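On a predicted model such as this, the values are computed, not experimentally measured, just so you know.
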Amino acid sequence: MKIRHWLLIGLLCSANAWAGGLESLETFVKTVKSGRAEFTQTVTAPSREGQPGRVKTSTGTFEFQRPGKFKFDYRKPFAQSIVADGKTLWLYDADLNQVTQRAQAQALGSTPAALIAAAPDLRALQADFALEAAPERDGLEWVKATPKNKDGQLQSVLVGFQGDALAALEILDSFGQRSVLKFSKVEVNPSLAASVFDFKAPAGADVVKQ
């Protein structure tokens, strides 16, 4: 009886901890309307023929304003920007001096950006994602989001919270590539100027519309 008793307690405690991730996501979507942070992104390609996957690391800053505006500004090792202004998604590669322009409504949908910046509430997220609590790990509470649209390139996203603060994203695409973003110096609900999300193609840049 004692073994069963402690097993039951363990299962209940685990369930409560797992539920914490969903509660953190709901609180985050409800209360955090804007944010600013620094990030480190590690991308690991799938292993091939017994060889370990290649790893690439980049750093930059991230800002968002709900609903639908965000900016990833990559600084190292290469300068790149991803800007959503509410209508258009812009991707700028400084080395190539090339801008890719897409309609935001078509480009976001079931993407990690929709999870943290685009959706106005949890119900909107649940229209595009199946959400489930995941085990606590690395001192964070996690939520697993699986796109309901199986035709995209995204397989799943794990969103990590420290309390109610966004701390990490782990993204797995349909090609087996894994991207981990860890956020630091997080500011919650800062006042962001509208100009933060304005984008103008640099002079001489090649603009590609998709």
Side-chain angles (χ1 to χ4, degrees), residues 21-41 58-76 79-94 99-129 131 140-143 145 147 149 152 154 157-171 179-202 205 207 209-210:
L22 285 170
E23 292 171 0
S24 295
L25 176 61
E26 184 172 17
T27 300
F28 175 77
V29 173
K30 277 185 177 179
T31 64
V32 180
K33 302 305 179 184
S34 64
R36 180 190 290 125
E38 296 182 5
F39 70 85
T40 298
Q41 179 177 352
S58 53
T59 59
T61 59
F62 170 60
E63 295 167 287
F64 76 91
Q65 185 169 308
R66 200 183 306 278
K69 295 184 178 182
F70 63 87
K71 181 179 182 179
F72 282 94
D73 196 4
Y74 290 81
R75 296 177 178 175
K76 294 180 180 180
Q80 293 180 316
S81 295
I82 304 173
V83 182
D85 62 15
K87 294 182 179 180
T88 304
L89 182 68
W90 305 90
L91 291 82
Y92 172 58
D93 188 312
V99 176
T100 302
Q101 176 184 351
R102 300 177 183 173
Q104 186 169 320
Q106 298 174 356
L108 290 186
S110 302
T111 68
L115 277 167
I116 56 177
D121 54 42
L122 196 64
R123 182 175 296 180
L125 276 181
Q126 289 173 324
D128 292 319
F129 293 93
L131 302 174
L140 304 179
E141 295 175 333
W142 296 87
V143 175
N149 178 8
L154 183 66
V157 182
L158 283 166
V159 189
F161 292 94
Q162 192 163 41
D164 294 329
L166 178 68
L169 289 176
E170 296 188 4
I171 305 160
S179 300
V180 177
L181 287 93
K182 294 184 178 181
F183 298 97
S184 61
K185 299 181 180 179
V186 178
E187 297 179 45
V188 175
N189 291 326
S191 179
L192 299 177
S195 59
V196 168
F197 307 104
D198 289 341
F199 180 85
K200 293 183 179 179
V207 179
K209 294 183 179 181
Q210 294 185 346

Would you indicate whether Lys33, at its atom NZ, is surrounded by more than 12 heavy atoms from other residues, nucleotides or ligands within a distance under 6.0 Å? yes

Ser34 (side chain) donor-acceptor with Pro190 (main chain) under 3.5 angstrom: yes

Decide yes or no on side-chain contact (heavy atoms from CB on, under 4.5 Å) for Val180 and Leu169, but give the supporting numbers first. CA-CA 6 Å; Val180 177; Leu169 289 176; over 6 Å; no

Report yes if some heavy atom in the side chain of Phe161 is under 4.5 Å from a heavy atom in the side chain of Leu25; otherwise report no. yes

What's the spacing between Arg102 CZ and Leu91 CG if we round to 0.5 Å? 5.5 Å

OG1 of Thr31 to CG of Asn189: how many Å apart, nearest 0.5 Å? 6.5 Å

From Ile116 CD1 over to Phe64 CZ, what is the distance, rounded to the nearest 0.5 angstrom? 7.0 Å

First locate atom CG of Leu154, then atom CZ of Phe129, and finally report the distance between them rounded to the nearest 0.5 Å. 6.0 Å

Between the side chain of Ser24 and the main-chain N/O of Gly163, is any donor-acceptor distance below 3.5 Å? yes

All heavy atoms of Asp85 vs all of Lys69, minimum pair found to be O-CE, 3.4 Å

For the pair Asn149 and Asp128, evaluate side-chain contact (heavy atoms from CB on, under 4.5 Å) and give the outcome as yes or no after the intermediate values. CA-CA 7 Å; Asn149 178 8; Asp128 292 319; over 6 Å; no

Closest heavy-atom pair, Leu192 versus Arg36, reported as atoms and distance to 0.1 Å, is CD2-NH2, 3.0 Å

Under-4.0 Å salt bridge between Glu63 and Lys71: no

Start with the C-alpha distance between Val159 and Phe28, add both sets of side-chain angles, then the distance that settles side-chain contact (heavy atoms from CB on, under 4.5 Å), and finish with yes or no. CA-CA 11 Å; Val159 189; Phe28 175 77; over 6 Å; no

With ring-ring contact (aromatic ring centres under 6.0 Å, His included) as the test, pick out the partner of Phe39 among Phe70, Phe72, Phe62. Phe72

What pairs with Glu170 under side-chain hydrogen bond (donor to acceptor under 3.5 Å, both in side chains), at least two apart in sequence or on another chain? Arg137, Arg178

Is the terminal nitrogen or CZ of Arg66 (NZ for Lys, CZ for Arg) located under 6.0 angstrom from the six-membered ring centre of Phe197 and within 45° of that ring's axis? no

Atom pair CZ/OG1 of Arg75 and Thr61 - distance to nearest 0.5 Å: 4.0 Å

Evaluate the side-chain proximity of Val83 to Asp73: yes if any heavy-atom separation is below 4.5 Å, no if none is. no

Let's go through Thr40 and Phe183 carefully: what are the C-alpha distance in whole Å and the side-chain angles of both, what is the deciding distance for side-chain contact (heavy atoms from CB on, under 4.5 Å) to 0.1 Å, and is it a yes or a no? CA-CA 7 Å; Thr40 298; Phe183 298 97; over 6 Å; no

CG/Leu122 to CG/Leu131 distance, rounded to the nearest 0.5 angstrom? 6.0 Å

Tell me if the CD atom of Gln101 is crowded by more than 12 foreign heavy atoms within 6.0 Å. yes

Consider only side-chain N and O atoms of Thr88 and Gln104, and report whether a donor and an acceptor are under 3.5 Å apart. no

